[in-house]
Enquirer: 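Have a look at this one.
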Amino acid sequence: MEKPGTFILEARDGAARAATLHTAHGIIKTPVFMPVGTVGSVKGVAPDDLEAAGAQIILGNTYHLYLRPGDELVARRGGLHKFASWNRPILTDSGGYQAFSLSKLSHISEEGIEFRSHLDGSKHLFTPEGVVDIQLNLNSDIMMMLDECVPYGSDYEYTKRAVDLNFRYAGRALEYYTARRRGNLLFGITQGGFFKDQREKSIEGLCGMDFDGFSIGGLSVGEPKDEMMDFLYHCAPLLPQDKPRYLMGVGTPLDIVKGIDAGIDMFDCVLPTRNARNGTLFTSLGKVNIKRREYAEDDGPLDPACPCYACREFSRAYLRHLYVSKELLSYRLNSLHNITYFLSVARRAREAVQTGTFAAFKSEMESIYSN
RNA sequence: GGUGGGGUUCCCGAGUGGCCAAAGGGAACAGACUGUAAAUCUGUCGUCGUGAGACUUCGGUGGUUCAAAUCCACCCCCCACCA
């Protein structure tokens with residue numbers, strides 16, 4: 001077994017890549033989609049569901065797990081893998097995104113990000129160093145640096161200041177971790193808002209540092225889709241070729257395929273699980289709002305091309321009934337399906353890259369989600 | 001038979017003279033959701049009309065009034081208690 005962090009590029013098709021990333025809990029085949037399990041649980045499904053769906057790696061969140069149940073408590077339980085009974089790789093986000101999504105409860109300074117807990121209002125300071133410690137306690141395979149996610153609409157001065165601060169956060173996180181390095185990987189997060197020169201500066205600065213991988217943060221934060229794609233295609237090629245590239249928080253099935261097209265290897269998004277709970281299912285035939293009346297007497301499977309338990313065993317009519325009735329099984333089956341589908345999109349993309357048919361796969365996905 | 005309470009738009013339920021096509025909730029029908037404070041949120045929800053607006057509606061009938069879901073009379077149902 002290669003040492004954690006080993007990244008092997010296996011195939012390329014245009015800018016799209018197929019690779020393997022070695023971690024302490026196993027090998028990740030990319031492109032990969034990573035289901036989000038913020039508090040140490042992918043909402044609605046159990047680890048055996050995730051394995052059945054083909055999940056290689058899941059996310060956890062530093063901010064949430066630090067607040068509850070506490071990273072030290074998790075450490076005493078033997079780390080997040082053992083605590084949550086998930087033996088495959090885990091990536092933890094740093095909490096930087098929460099400074100953005102919980103901006104009314106947070107304050108960003110040179111020292112770090114101060115939060116008021118959304119649970120009880122208590123104050124907490126996250127520093128680049130402290131966030132590494134928390135993630136070491138969780139023992140995540142891939143740790144993310146504390147970053148400042150620049151909100152859409154921020155002006156140039158604000159963005160520039162954030163990019164500079166982000167650069168200093170990166171240096172502190174890396175220096176701190178290097179002094180106590182174990183088998184965990186630490187990824188840098190590039191920012192830059194919606195100014196290309198700031199994006200370029202952030203990438204140039206971070207990628208000069210010895211991170212194990214690099215991500216693009218701060219996209220899909222409310223900007224128009226065209227703008228997101230413009231920045232994605234501009235930034236992805238600027239990231240190092242020989243390290244994993246991670247597009248944070250993105251996206252729809254088509255976004256993911258376009259991300260791969262731009263040269264991204266890793267994706268995470270709450271969309272498959274959140275939308276599953278809200279009745280929107282992604283299928284090989286496009287988006288299905290399972291609550292719609294038209295499915296009330298539809299005896300066919302949700303997605304005839306999907307091998308998941310929900311599609312194998314149940315009809316659209318039954319899935320609609322479960323959703324409308326707010327049955328707990330609805331959340332599980334819908335989540336299981338969407339996760340299975342997202343994972344299959346990444347897996348098919350990988351196969352397409354390996355066989356040199358990625359362009360055809362991409363246009364197939366574009367036609368499915370054209371409307 | 002007596003006394004008291006009640007019948008409101010698909011359901012529950014506010015409303016006791018004009019600001020009422022009628023609060024609120026539910027149901028129904030659509031839509032949103034992108035490093036999860038989200039099993040959440042938004043819209044529509046009498047009919048016709050793009051719209052202004054017009055028309056119909058608060059158990060029934062008749063009446064009072066400029067104006068009635070709201071007041072009066074009678075009638076029809078329902079509930080509780082007493083005989």
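Chain A is the first sequence line, chain B the second, and so forth, proteins listed ahead of strands; every chain is numbered from 1.
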Enquirer: Taking any heavy-atom pair under 4.0 Å as a contact, classify A:T280: base, sugar-phosphate, or nothing.
Expert: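 Base, at least one base atom sits under 4.0 Å.
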Enquirer: Side chain of A:R292, heavy atoms from C-beta onward: which of B:U40, B:G35, B:G31 has the nearest atom to it?
Expert: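 Selected nucleotide (nearest to the side chain): B:G31.
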Enquirer: What is the separation between atom OH on A:Y295 and atom C1' on B:A28, rounded to the nearest whole Å?
Expert: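 A:Y295 atom OH is separated from B:A28 atom C1' by 18 Å.
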Enquirer: Across the strands shown, which category fits A:K225 at heavy-atom distances under 4.0 angstrom: base, sugar-phosphate, nothing?
Expert: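 Here A:K225 touches the bases of the nucleic acid.
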Enquirer: Mind checking A:L102 for me? I need base, sugar-phosphate or nothing, with any heavy atom below 4.0 Å counting as a touch.
Expert: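 Base contact.
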Enquirer: Identify which one of A:D265, A:D212, A:L185, A:D210 satisfies the side chain to side chain contact (heavy atoms under 4.5 Å, CB included) criterion when paired with A:K243.
Expert: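 Answer to the side chain to side chain contact (heavy atoms under 4.5 Å, CB included) test with A:K243 among A:D265, A:D212, A:L185, A:D210: A:D210.
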Enquirer: Measure across A:S117 and A:L119 and return the closest heavy-atom pair with its distance rounded to 0.1 Å.
Expert: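 Minimum heavy-atom contact is OG-N, 2.9 Å.
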Enquirer: I want to verify a distance call: between B:A32, B:A28, B:U34, whose nearest atom is closest to the A:K287 side chain?
Expert: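 Between B:A32, B:A28, B:U34, the one nearest the side chain of A:K287 would be B:A32.
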Enquirer: Remember a base hit wins even if backbone is also touched, and classify A:L247 as base, sugar-phosphate or nothing at under 4.0 Å, heavy atoms.
Expert: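 A:L247: no heavy atom of the nucleic acid under 4.0 Å.
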Enquirer: Nearest to the side chain of A:R274, heavy atoms from C-beta on, is which of B:A39, B:G35, B:A38?
Expert: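 Taking heavy atoms from C-beta onward, the closest nucleotide is B:A38.
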Enquirer: Considering only atom P, compute the distance from B:C20 to B:C74 and round it to an integer number of Å.
Expert: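 Approximately 32 Å lies between the P atom of B:C20 and that of B:C74.
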Enquirer: Does B:A28 have a Watson-Crick or wobble mate here (both distances under 3.5 Å), and if so which one?
Expert: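 Its partner is B:U44 (Watson-Crick or G-U wobble, both distances under 3.5 Å).
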Enquirer: Please report the distance, rounded to the nearest Å, between CZ in A:F33 and P in B:G35.
Expert: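 One finds 9 Å between P of B:G35 and CZ of A:F33, rounded.
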Enquirer: Could you identify the nucleotide paired to B:G35, looking across every strand shown and requiring Watson-Crick or G-U wobble geometry with both distances under 3.5 Å?
Expert: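 WC or wobble partner does not exist here.
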Enquirer: For RNA chain B, which residues of residues 189-213 of chain A approach it to below 4.0 angstrom with any heavy atom?
Expert: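 Under 4.0 Å from RNA chain B: A:I189, A:Q191.
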Enquirer: Classify A:L219 by what it touches in the nucleic acid, base, sugar-phosphate, or nothing, heavy-atom distance under 4.0 Å.
Expert: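 Nothing, no heavy atom under 4.0 Å.
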Enquirer: Find the distance A:I57:CD1 to B:G35:C1' and express it as a whole number of Å.
Expert: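 Value for this atom pair: 13 Å.
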Enquirer: Roughly how far apart, to the nearest Å, are B:A83 and B:C76 at atom P?
Expert: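 My reading of the P atoms in B:A83 and B:C76 gives 26 Å.
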Enquirer: Taking only side-chain N and O atoms of A:Q98, does any of them lie within less than 4.0 angstrom of OP1 or OP2 on B:U36?
Expert: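 The answer is yes; a side-chain N or O of A:Q98 sits under 4.0 Å from OP1 or OP2.
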Enquirer: So if I take every side-chain heavy atom of A:N289 and compare against B:G31, B:U34, B:G35, which nucleotide ends up nearest?
Expert: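 Side chain of A:N289 sits closest to B:G31.
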Enquirer: Heavy-atom nearest nucleotide on RNA chain B for A:N61 versus A:Y331: which residue maps closer to 5'?
Expert: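 Taking each residue's closest nucleotide, the earlier one in sequence belongs to A:N61.
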Enquirer: What integer number of Å spans the P atoms of B:U44 and B:A39?
Expert: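 Here B:U44 and B:A39 have their P atoms 24 Å from each other.
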Enquirer: Is the phosphate of B:A37 approached by A:R68 (side-chain N or O, under 4.0 Å from OP1 or OP2)?
Expert: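 Answer no for this pair, as no side-chain N or O of A:R68 is under 4.0 Å from OP1 or OP2.
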Enquirer: In plain terms, say whether A:E10 and A:K29 are close enough for a salt bridge, that is, a side-chain N and a carboxylate O under 4.0 Å apart.
Expert: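 No salt bridge links A:E10 with A:K29.
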Enquirer: Any salt bridge (charged side-chain N to carboxylate O under 4.0 Å, His left out) involving residues 279-294 of chain A? Give me the pairs, sequence neighbours left out, ordered by first then second residue.
Expert: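 For residues 279-294 of chain A: A:R292-A:E294.
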Enquirer: Decide, yes or no, whether a salt bridge links A:R68 with A:D120 under the criterion of side-chain N to carboxylate O below 4.0 Å.
Expert: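 Salt bridge flag = no for A:D120 with A:R68.
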Enquirer: Between B:A38, B:U34, B:A28, which nucleotide has the shortest distance from any of its atoms to the side chain of A:V270?
Expert: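 Comparing B:A38, B:U34, B:A28 against the side chain of A:V270, the answer is B:U34.
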Enquirer: Search all heavy atoms of A:L146 against all heavy atoms of A:N166 and return the closest pair with its distance.
Expert: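 Here A:L146 and A:N166 meet closest at O-ND2, 4.2 Å.
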Enquirer: Calculate the interatomic distance between A:Y97 atom OH and B:A37 atom C1'; express it in whole Å.
Expert: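 Those two atoms, OH and C1', are 12 Å apart.
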Enquirer: Tell me the partner of B:U16, counting only Watson-Crick (N1-N3 plus N6-O4 or O6-N4) or G-U wobble (N1-O2 and O6-N3) with both under 3.5 Å; none if nothing fits.
Expert: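 B:U16 is paired with nothing.
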Enquirer: Salt bridge or not for A:D141 and A:R88, using N-O below 4.0 Å?
Expert: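 No, this pair does not count.
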Enquirer: Using a 4.0 Å heavy-atom cut-off, does A:T273 contact any base of the nucleic acid, only the sugar-phosphate backbone, or nothing at all?
Expert: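 Base: the residue A:T273, judged by heavy atoms under 4.0 Å, touches a nucleobase.
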Enquirer: So, are A:K160 and A:D164 salt-bridged, with charged N and O less than 4.0 Å apart?
Expert: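 So A:K160 pairs with A:D164 through a salt bridge.
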Enquirer: Relative to each other, are the rings of A:H124 and A:Y66 parallel, tilted or perpendicular (30° and 60° limits)?
Expert: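 Answer is perpendicular, since the angle exceeds 60°.
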Enquirer: Between the side chains of A:E148 and A:R161, is the shortest nitrogen-to-carboxylate-oxygen separation below 4.0 Å, so that they form an ion pair?
Expert: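 Yes.
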Enquirer: Measure distances between side-chain N and O atoms of A:D268 and base N and O atoms of B:G35, and say whether any donor-acceptor pair falls under 3.5 Å.
Expert: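 No pair found.
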Enquirer: At under 4.0 Å, does any side-chain N or O of A:N278 touch on OP1 or OP2 of B:A39?
Expert: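 False: A:N278 side-chain N/O out of range (4.0 Å or more) of B:A39 OP1/OP2.
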Enquirer: Could you tell me how far B:A22 sits from B:G18 if I compare only their P atoms? Round to whole Å.
Expert: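 Straight-line distance between the two P atoms is 14 Å.
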Enquirer: Please give the distance between the P atoms of B:G5 and B:U47 as a whole number of Å.
Expert: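 Approximately 36 Å lies between the P atom of B:G5 and that of B:U47.
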Enquirer: Can you say whether a donor on the side chain of A:D147 sits under 3.5 Å from an acceptor on the base of B:G35, or the other way round?
Expert: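 Flag set: donor-acceptor pair detected.
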Enquirer: Rounding to a whole Å, what distance do you find between A:D255:CG and B:G35:C1'?
Expert: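 One finds 14 Å between C1' of B:G35 and CG of A:D255, rounded.
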Enquirer: Nearest heavy atom decides the nucleotide; on that basis, is A:Y323 or A:L119 closer to the 5' end of RNA chain B?
Expert: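 So the residue in question is A:L119.
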Enquirer: Can you check the distance between B:G43 and B:C66, where both ends of the measurement are the C1' atom (answer in whole Å)?
Expert: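 Roughly 39 Å separates the two C1' atoms.
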Enquirer: Does A:G218 reach a base, just sugar-phosphate, or nothing at all? Heavy atoms under 4.0 Å.
Expert: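 Base: the residue A:G218, judged by heavy atoms under 4.0 Å, touches a nucleobase.
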Enquirer: Tell me if the side-chain of A:K291 makes a donor-acceptor pair with the base of B:G31, cut-off 3.5 Å, by modelled atom types.
Expert: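 Answer yes: a donor N or O sits under 3.5 Å from an acceptor.
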Enquirer: Can you tell me, in whole Å, how much space there is between the P of B:A54 and that of B:U9?
Expert: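 That atom pair is separated by 25 Å.
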Enquirer: In the strands shown, is B:A67 matched to any nucleotide by a Watson-Crick or G-U wobble pair with both distances under 3.5 Å, and which?
Expert: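 Base partner found: none.
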Enquirer: Would you please confirm or rule out a distance under 4.0 Å between OP1 or OP2 of B:U34 and any side-chain N or O of A:S220?
Expert: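 So the side-chain polar atoms of A:S220 never come under 4.0 Å of the phosphate oxygens OP1 or OP2 of B:U34.
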Enquirer: Using atom P of each nucleotide, how far apart are B:U70 and B:G15 to the nearest Å?
Expert: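 About 15 Å, rounded to a whole number of Å.
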Enquirer: Mind checking who B:G4 pairs with, Watson-Crick or G-U wobble, both distances under 3.5 Å?
Expert: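 The base-pairing partner of B:G4, which may sit in any strand shown, is B:C79.
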Enquirer: What nucleotide, of B:U36, B:U34, B:C33, holds the atom closest to the side chain of A:V36?
Expert: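 In terms of side-chain proximity for A:V36, the closest of B:U36, B:U34, B:C33 is B:U36.
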Enquirer: Could you state the atom-to-atom distance from CE of A:M248 to C1' of B:G35 in whole Å?
Expert: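 Rounding to the nearest Å, CE of A:M248 and C1' of B:G35 are 4 Å apart.
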Enquirer: Ignoring hydrogens and angles, answer whether the base of B:U36 and the side-chain atoms of A:S101 contain a donor-acceptor pair closer than 3.5 Å.
Expert: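 Such a pair does not exist between side chain and base.
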Enquirer: Between A:K362 and A:E366, is the closest basic N to carboxylate O distance under 4.0 Å?
Expert: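 Answer for the salt bridge query: yes.
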Enquirer: How is A:V42 classified with respect to the nucleic acid when contacts are heavy atoms under 4.0 Å: base, sugar-phosphate, or nothing?
Expert: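 The residue A:V42 makes no contact with any strand.
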